[in-house]
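What follows is a short report on a single structure.
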Amino acid sequence: MFPTLPPFAADTPTIRQALSEIGQAGGVMDAQDDLSDPITLITDPAKSVHNPNNPTMTAGFTFLGQFLDHDMTFDPTSSLARRQDPESIRNFRIPALDLDSVYGGGPGVSPHLYDQSVDGGRTTMLVEEITGSAAKTCDGHTRFDVPRNSQNVALIADPRNDENLMVSQLQLALLRFHNAVVADVKADLGTAYTLEEIFAEAQRIVRWHYQWMIIHEFLPKTIGSSMTKKILTKGRKFYDWRNDPFIPVEFSVAAYRFGHSQVRPSYRGNFGTSATDPTQQFFGLVFKPGDPNPADPDDLRGGCRAPRRFIDWQTFFDFGDGQAKPNKLIDTTLSSILFHLMGQSTGSPDSLATRNLLRNLTMKVPSGQSVAKAMKLPVLAKSDLSDLAAHDLDERTPLWFYVLREAQVKAGGEHLGPVGGRIVGEVIIGLIEGDSQSYLSQDPTWTPTYGSNKTFEMTDLLTKAGVVGSLA
């Protein structure tokens, strides 16, 4: 977005050491959570002092944001160890919010994603029952999982959507939402249409509802209603392209990583067999290194299937029943669980904060202050960044850290501030506007046919998908 701005710092051993110290476990970004009990991390307010509640956003939006990220970008080549030219980074996915992370290349190119027992695999996404799950639920109904091979590897278009149970079950929800729409399209169109036409129409409907939800629910909660309306009505100022939309590094390695700040150390995955007794419910840390039971670990990692491994969405989105839990505020404090990531290569930092800060360095991202000046927006005062003064980064702050602190200072952590919100809003809206098949391109006055009152939210998607079990 700002190719003429210089990097926030030269890549030297000194600056790498400084970034490592800022992002290390026990450092200024670590919430220093007590990870001994995933239940009391949620039920005991004293354990969430450094993970304060966001009164305007429920817990599920963290994982919806992760799902959107995977839909937009896929770069398996970026490195923390060497400098990289942002112009040379190749996105291995079309930069659009078009659900190619769900559909892959379509029934002809990605047949393993489609149910071959229905219409010869030409219309319907493949999902699988979780054997034994009915006995682990309040309502006695079987729950579902994404399809897996014999080694429990998820058969999905983007392997990252099996990183944790929440995003894996979001993937499942989109698969089942598509299948529900296919059934409706068949009923509406009748037998005069080909299977290919039925699939294409269902895919269009699913994509348009998904894009509507992003613009009318996810963005207002993430960047604020005022910023969303401003970009939609007055247009984009800083994000544009010559031929095709692209993913700016200011977005991908800085501003959009705000969601890492929202991750709580533990969640209630589901209510188990009781809506009122926590001892009968499934709570877990996001992940717990060294868990002795990889087939059914006590944490919420993905990559496995067991009777209790499903999500009750009433915890994550507000269905009006009083069960939804709030998200964490956006700030420069990350849950301690994120300072020891699993599966990192030897010699590579396992702190997510350190990895993000180093990626801002290797990708030559400009400072938050220089981006704010380029946008003609107020710059955070040095006093707002005094905890970085010892590293001489209070006036040339890595953009990722700056965006988090700006949200904290300018918006009370409820949503992104002016710089972060403008970057995230312009890119997401721009990607939808730049997609010739999106509803904004083809029919900007379109309104949803699912949902109610001509709107459509995540609760509507989950309900139509049939993934919201009863707690009775």
Side-chain angles (χ1 to χ4, degrees), residues 35-39 41-42 59-60 62-63 66-67 70 102 112-113 115 125-176 179 263-317 323 325 337 341-343 462 465-471:
L35 302 178
S36 60
D37 181 8
I39 297 179
L41 273 168
I42 297 172
T62 294
F63 303 100
Q66 183 182 15
F67 182 91
H70 296 171
V102 169
H112 60 289
L113 304 180
D115 190 339
M125 311 304 300
L126 180 62
V127 300
E128 294 175 345
E129 292 186 357
I130 304 176
T131 302
S133 59
K136 300 291 184 179
T137 69
C138 292
D139 60 8
H141 291 168
T142 297
R143 300 296 195 260
F144 291 80
D145 186 19
V146 297
R148 300 182 183 277
N149 67 12
S150 60
Q151 296 179 318
N152 262 335
V153 176
L155 301 176
I156 54 179
D158 189 327
R160 297 173 299 170
N161 280 351
D162 197 29
E163 284 180 357
N164 59 65
L165 184 59
M166 287 70 72
V167 75
S168 176
Q169 288 271 292
L170 270 179
Q171 177 89 9
L172 170 74
L174 265 297
L175 299 177
R176 293 197 63 183
N179 291 350
V263 176
R264 292 193 179 279
S266 68
Y267 294 89
R268 177 175 57 198
N270 60 59
F271 290 85
T273 55
S274 173
T276 57
D277 183 358
T279 64
Q280 303 300 312
Q281 301 170 359
F282 179 24
F283 290 81
L285 298 174
V286 176
F287 58 83
K288 184 170 69 174
D291 192 290
N293 183 14
D296 184 13
D298 286 334
D299 61 16
L300 298 170
R301 75 184 71 183
C304 41
R305 179 186 293 166
R308 67 171 178 167
R309 304 194 77 78
F310 61 89
I311 292 293
D312 276 331
W313 290 113
Q314 290 92 333
T315 289
F316 294 89
F317 295 98
Q323 297 286 6
K325 294 295 183 183
I337 201 79
L341 301 177
M342 297 190 302
L462 297 166
V467 296
V468 185
S470 171
L471 301 181

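Quick note: residue numbers are just sequence positions, from 1.
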Flag side-chain contact, heavy atom, 4.5 Å: [X] against [Y]:
X	Y	answer
Ile130	Thr142	no
Arg268	Gln323	yes
Asp298	Asn293	no
Gln314	Val468	yes
Pro297	Cys304	yes
Val127	Leu172	yes
Asn179	Met125	yes

[X] side, atom [atom1]; [Y] side, atom [atom2] - distance, nearest 0.5 Å:
X	Y	atom1	atom2	value
Arg301	Leu285	CZ	CG	10.5 Å
Leu462	Leu170	CG	CG	7.0 Å
Gln280	Lys136	CD	NZ	9.5 Å
Leu113	Ile156	CG	CD1	9.0 Å
His141	Ser470	NE2	OG	8.0 Å
Met342	Glu163	CE	CD	10.0 Å

Do [Y] and [X] meet the salt-bridge criterion of a basic N to acidic O distance under 4.0 Å?
X	Y	result
Arg148	Asp162	yes
Glu128	Arg305	yes
Asp145	Arg309	no

#### Entry: Residues Val467, Phe144; criterion side chain to side chain contact (heavy atoms under 4.5 Å, CB included); working and verdict
CA-CA 8 Å; Val467 296; Phe144 291 80; over 6 Å; no

Looking at every non-hydrogen atom in both residues, tell me the closest pair between [X] and [Y] and how far apart they are.
X	Y	result
Asn149	Gln151	OD1-N, 2.9 Å
Leu41	Ser266	CB-OG, 3.4 Å
Pro307	Gly132	CB-O, 3.5 Å
Thr279	Asp277	OG1-OD1, 2.7 Å
Leu126	Leu175	O-CD1, 3.8 Å
Ala154	Val146	CB-CG2, 4.0 Å

For the backbone of [Y] and the side chain of [X], can you confirm whether one donor and one acceptor N or O come within less than 3.5 Å of each other?
X	Y	value
Gln66	Met166	no
Asn270	Asp312	no
Asp299	Lys288	yes
Gln281	Ser274	yes

### Pairing residues for Ser150 by the side chain to side chain donor-acceptor pair (under 3.5 Å) criterion, not counting sequence neighbours
none

### Task
Verify side chain to side chain contact (heavy atoms under 4.5 Å, CB included) between Asn161 and His70, making sure each step is shown before the conclusion.
CA-CA 7 Å; Asn161 280 351; His70 296 171; 2.6 Å; yes

### Message
Taking ring-ring contact (aromatic ring centres under 6.0 Å, His included) as the cut-off, I'd like each qualifying pair that reaches into residues 264-295, sequence neighbours left out, listed once.
### Response
Phe63-Tyr267, Tyr267-Phe316

### Task
Dump the intermediate steps for side chain to side chain contact (heavy atoms under 4.5 Å, CB included) on Glu129 and Arg143, then the final yes or no.
CA-CA 6 Å; Glu129 292 186 357; Arg143 300 296 195 260; over 6 Å; no

